[in-house]
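Computed from a predicted model, the values in this text were never measured in an experiment. No hydrogens, no waters, no symmetry mates; every other heavy atom, side chains included, goes into these values. Read the numbers this way: they start at 1 and go in the same order the structure lists the ligands and their atoms.
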Amino acid sequence: KERGWMFEHLLQYNGFWIPPTSILEGVIFVQHHFKPRPTDIFLATSPKTGSTWFKALIFATMNRTNFELSNHPLLTTGPHGLFPLLDMYICQNDHYQDSISSLKSLPSPRLFATHVPYSMFPDSATDASSGCRFVYICRNPKDVLVSMWLFMNKSRIKDVSPISLEEAFELFCRGVSPYGPYWDHVLGYWKASLESPSKILFLKYEDMKNDPVVHVRRLAEFIGKPFSAEEERNGAVEEIIRLCSFENLSNLEINKTGAERFSPEIAIDKSNFFRKGQVGDWKNYLTEEMAKRIDQISDDKLYGSGLKFGT
Ligand code: A3P
């Protein structure tokens, strides 16, 4: 048990720090009871690495022929409403069996977001022969820390006092953050992506920011929906990028008002998922010393892995 962020405490489970009650129950459900289909696509992330953005990008890419831009579901339903978080799926109904039936009734291909570490997914999802695919989003840990600290203090669930940046920093560096250690979460998916590149598409938040056209194309190919030459000529890629941009999504009424209920005790104001959406905002919060320490941990942890965080 360790001091929590937003939650009273985090619990160490299989080497990762997991928030208690419904989130831990959800992780255990995924690990032991979830039955994947070969067509399932998972958007796997650590919290605050851009899940909301990529939910929108994947949903819009996958369903681009089903909707006109003028009545697109992203305009009337937030990204979280269109793309369920698998980890909390079983907690959304009062009865476990109702959640299982609802999971079974989802049409294929099912799109799920998840924060569950790769090592905790069942073999039936991770085996090379299973057919399931994962898109993993990695973000620079300094931006993740700042984004997480601000988010957690804003969206406290119970009567837990906010924590200072210094305390959040110490905990984060020691690996104590929701679904942390952050570096271990990233490395689990990174190593698996090297072994099975056709199963795991490993993307960086910063790369998507720098060159969205290239990376939305990669995303589309990976999920089995490559853009045709005609779509390219008609600017379909750019249209999706504009639709899912921070400027567009954060200004939609649906994303500004109300709360997203993930489980009976977890409801988060939708507007909290949109803050700045920039690369390098950590410079406005972390001291030089803090940045150096995180860089040092990153150098140590990523040594020999071939992975470098985006800048
Ligand atoms: P910041 O706090 O740095 O602004 P998640 O969705 O995983 O919770 O991540 C939230 C982070 O993604 C926040 O980062 C948020 O502002 C940013 N974000 C949300 N929508 C985005 C978008 N459309 N484009 C880029 N970043 C976005």
Side-chain angles (χ1 to χ4, degrees), residues 5-6 19 23 42-61 72 74-75 77-88 111-117 135-155 157 165 168 172 177-180 182 185-186 189 203-213 215-216 219 238-252 254-256 259-260 262 266-286 291 294 309-311:
W5 312 44
M6 172 177 179
I23 301 187
F42 302 95
L43 167 63
T45 60
S46 252
K48 313 325 292 172
T49 56
S51 334
T52 311
W53 184 22
F54 281 80
K55 278 181 177 186
L57 286 169
I58 294 176
F59 181 88
T61 304
H72 199 283
L74 273 169
L75 306 179
T77 312
H80 298 286
L82 296 170
F83 208 124
L85 183 63
L86 177 63
D87 320 6
M88 294 205 209
L111 298 177
F112 292 116
T114 181
H115 296 314
V116 173
V135 177
Y136 185 76
I137 314 306
C138 163
R139 192 179 188 193
N140 189 302
K142 290 174 287 198
D143 279 332
V144 173
L145 164 64
V146 167
S147 181
M148 199 182 288
W149 173 63
L150 292 165
F151 175 85
M152 296 286 173
N153 276 353
K154 232 178 168 185
S155 34
I157 291 169
L165 178 58
F172 188 80
S177 62
Y179 298 87
Y182 177 69
H185 198 283
V186 173
Y189 281 93
L203 295 175
K204 296 177 187 168
Y205 179 98
E206 296 78 10
D207 289 345
M208 185 57 91
K209 271 271 170 193
N210 290 338
D211 200 344
V213 172
H215 291 95
V216 167
L219 201 54
E238 289 78 4
E239 200 169 86
I240 287 175
I241 293 167
R242 260 196 312 276
L243 174 68
C244 302
S245 68
F246 183 87
E247 292 66 31
N248 188 47
L249 292 183
S250 63
N251 282 312
L252 293 174
I254 184 70
N255 294 325
K256 286 201 278 196
E260 200 65 60
F262 290 95
I266 302 177
I268 295 173
D269 287 349
K270 290 182 186 173
S271 60
N272 281 2
F273 288 99
F274 301 92
R275 192 184 64 88
K276 266 195 177 170
Q278 289 173 5
V279 175
D281 190 44
W282 61 266
K283 291 183 188 130
N284 296 315
Y285 293 87
L286 303 184
I294 294 190
F309 287 122
T311 50

- prompt: Within the structure, does G277 bring an N/O atom to less than 3.5 angstrom of an N/O atom in ligand 1?
  reply: yes
message: Among all the protein's non-hydrogen atoms, which is closest to atom 16 (O) of ligand 1, and how far away is it?
response: R275 N, 2.9 Å
message: Polar contacts were defined as any N/O atom of the residue lying under 3.5 Å from an N/O atom of the ligand; does this apply to Y205 and ligand 1?
response: yes
message: Do K209 and W53 form a cation-pi contact, if we require the NZ or CZ to be under 6.0 Å from the six-membered ring centre and within 45 degrees of the ring's axis?
response: yes
field: Candidate with minimal heavy-atom separation from atom 27 (C) of ligand 1, of F54, W282, F246, F274
entry: F246
- prompt: Does T49 reach ligand 1 with a nitrogen or oxygen that is under 3.5 Å from one of the ligand's nitrogen or oxygen atoms?
  reply: yes
- prompt: Going by heavy atoms in the side chains, are F83 and L43 under 4.5 Å from each other?
  reply: yes
field: Geometric N/O contact S46 with ligand 1, under 3.5 angstrom
entry: no
- request: Counting heavy atoms only, name the option from K48, M208, K276, R139 that's nearest to atom 3 (O) of ligand 1.
  value: R139
query: Among protein heavy atoms, which lies nearest atom 19 (C) of ligand 1, and at what distance?
result: F273 O, 3.3 Å
Nearest neighbour in protein (non-hydrogen) for atom 23 (N) of ligand 1: C244 O, 2.9 Å
- prompt: If only atom types and distance count, is the side chain of N140 paired as donor or acceptor with the main-chain N or O of T311 below 3.5 Å?
  reply: no
Expected list for residues 267-277: side-chain donor-acceptor pairs under 3.5 angstrom, two or more places apart:
residue, atom, partner, partner atom, Å
R275, NH1, D281, OD2, 3.0
R275, NH2, D281, OD2, 2.8
K276, NZ, D281, OD1, 2.8

- request: Going by heavy-atom distance to atom 6 (O) of ligand 1, choose the closest among V279, I137, L43, T52.
  value: T52
field: Any donor-acceptor N/O pair, N210 side chain to E206 backbone, under 3.5 Å
entry: yes
message: Counting only heavy atoms, tell me which of G280, S250, S147 gets closest to atom 1 (P) of ligand 1.
response: S147
- prompt: Quick one: does S177's side chain get under 4.5 Å of M152's, heavy atoms only?
  reply: no
query: Atoms of ligand 1 less than 4.0 Å from G50 heavy atoms?
result: 5 (P), 6 (O), 7 (O), 9 (O), 12 (O)
- prompt: Please walk me through it: do V216 and I241 pass side chain to side chain contact (heavy atoms under 4.5 Å, CB included)?
  reply: CA-CA 8 Å; V216 167; I241 293 167; 3.8 Å; yes
task: Answer side chain, backbone, both or neither: which part of S245 comes under 4.0 Å from ligand 1, heavy atoms only.
output: backbone
query: Considering only the protein, which heavy-atom contact is closest to atom 7 (O) of ligand 1, and what is its distance?
result: S51 OG, 2.5 Å
field: Flag for T45-H115: side-chain donor and acceptor within less than 3.5 Å
entry: yes
- line: Closest to atom 22 (C) of ligand 1 among protein heavy atoms sits W53 CG, 3.4 Å
message: So for D281, does at least one of its heavy atoms come nearer than 4.0 angstrom to any atom of ligand 1?
response: no
query: What residues, two or more places apart in sequence or in another chain, satisfy side-chain hydrogen bond (donor to acceptor under 3.5 Å, both in side chains) together with T114?
result: D87
query: Under 3.5 Å, N or O to N or O, is P47 touching ligand 1 that way?
result: no
Check: H215 ring centre within less than 6.0 Å of Y205 ring centre: no
- prompt: Is the side chain of D143 donor-acceptor paired with the backbone N or O of W282 at a distance under 3.5 Å, no angle test?
  reply: yes
